[in-house]
Amino acid sequence: MSEERLEEVAALLKDETARRILTETYREPMSANTLSERCGASKPTVYRRLEDLRRCDLLEERTRPDPEGGHHHTVYATNLARIVVEIDDDGIEFRIDRQENMADRFTRLIEGM
């Protein structure tokens with residue numbers, strides 16, 4: 001990971017709202033409105049952090065159908081599994097491990113047959 005990208009992720013993770021969004025969306029996908037309530041942050045702040053997290057590829061946007069209303073809702077879920085920082089004689093390595101979504105896992109299984 002480039003040093004510039006590392007600094008962007010580190011700066012984002014310093015923000016308490018961003019960390020709360022990651023924690024909440026790890027438990028279950030949530031709408032921006034629900035995240036605003038759970039994080040105690042304004043909707044504009046939540047939307048900015050959602051965009052920042054998506055830009056750093058720490059969050060995914062999903063569409064959830066509403067069978068009763070015939071509409072759909074946008075929800076967000078983290079794809080972050082862990083952040084690893086390792087140091088050795090060659091220097092420091094920074095790695096983001098992401099969760100694999102079920103559709104990708106299924107595709108890999110089928111392709112491997």
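In what follows, residues are counted from 1 in the order of the sequence shown.
Atom CG of residue L22 and atom OG1 of residue T78 lie 4.5 Å apart, to the nearest 0.5 angstrom. L6 contributes atom CG, which lies 10.5 Å from atom SG of C56 (distance to the nearest 0.5 angstrom). The CG atom of D57 lies 10.0 Å from the CG atom of L80; values are rounded to the nearest 0.5 Å. A distance of 7.5 Å separates CG in L53 from OG1 in T25, rounded to the nearest 0.5 Å.
Considering only residues two or more places apart in sequence or on other chains, Y47 meets the side-chain contact (heavy atoms from CB on, under 4.5 Å) condition with A32, K43, L50, Y76. With sequence neighbours excluded, no residue satisfies salt bridge (Lys or Arg N to Asp or Glu O under 4.0 Å) with R19. Residues forming a salt bridge (Lys or Arg N to Asp or Glu O under 4.0 Å) with E61 (at least two apart in sequence, or on another chain): R54. Scored by the side chain to side chain donor-acceptor pair (under 3.5 Å) test, R48 finds T45 as partners (sequence neighbours excluded). Residues that satisfy the side chain to side chain donor-acceptor pair (under 3.5 Å) test with T74, not counting sequence neighbours, are absent from this structure. For I87, the side-chain contact (heavy atoms from CB on, under 4.5 Å) criterion is met by I92, not counting sequence neighbours. For D15, the side-chain contact (heavy atoms from CB on, under 4.5 Å) partners two or more places apart in sequence, or in a different chain, are T17, A18, R49. Partners of A10 under the side-chain contact (heavy atoms from CB on, under 4.5 Å) rule, at least two apart in sequence or in another chain, do not exist in this structure.
With a 4.5 Å cut-off on side-chain heavy atoms, Q99 and Y26 count as touching.
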Please report, to 0.1 Å, the donor-acceptor pairs under 3.5 Å made by any side chain of residues 34-41, with sequence neighbours excluded.
unit_1	atom_1	unit_2	atom_2	d
T34	OG1	S31	OG	3.0
S36	OG	A41	O	2.5
R38	NH1	E24	OE1	3.1

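A salt bridge links R62 to E60: one of the charged nitrogens lies within less than 4.0 Å of a carboxylate oxygen.
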For this session: Output, in order, the C-alpha distance, side-chain angles, deciding distance and verdict of side-chain contact (heavy atoms from CB on, under 4.5 Å) for V75 and M30.
Result: CA-CA 5 Å; V75 294; M30 292 185 185; 5.8 Å; no
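Around CD of E16, the count of heavy atoms belonging to other residues, nucleotides or ligands within 6.0 Å does not exceed 12.
Applying the side-chain hydrogen bond (donor to acceptor under 3.5 Å, both in side chains) test to every pair with at least one member in residues 82-94, sequence neighbours left out, gives these pairs: R82-D97.
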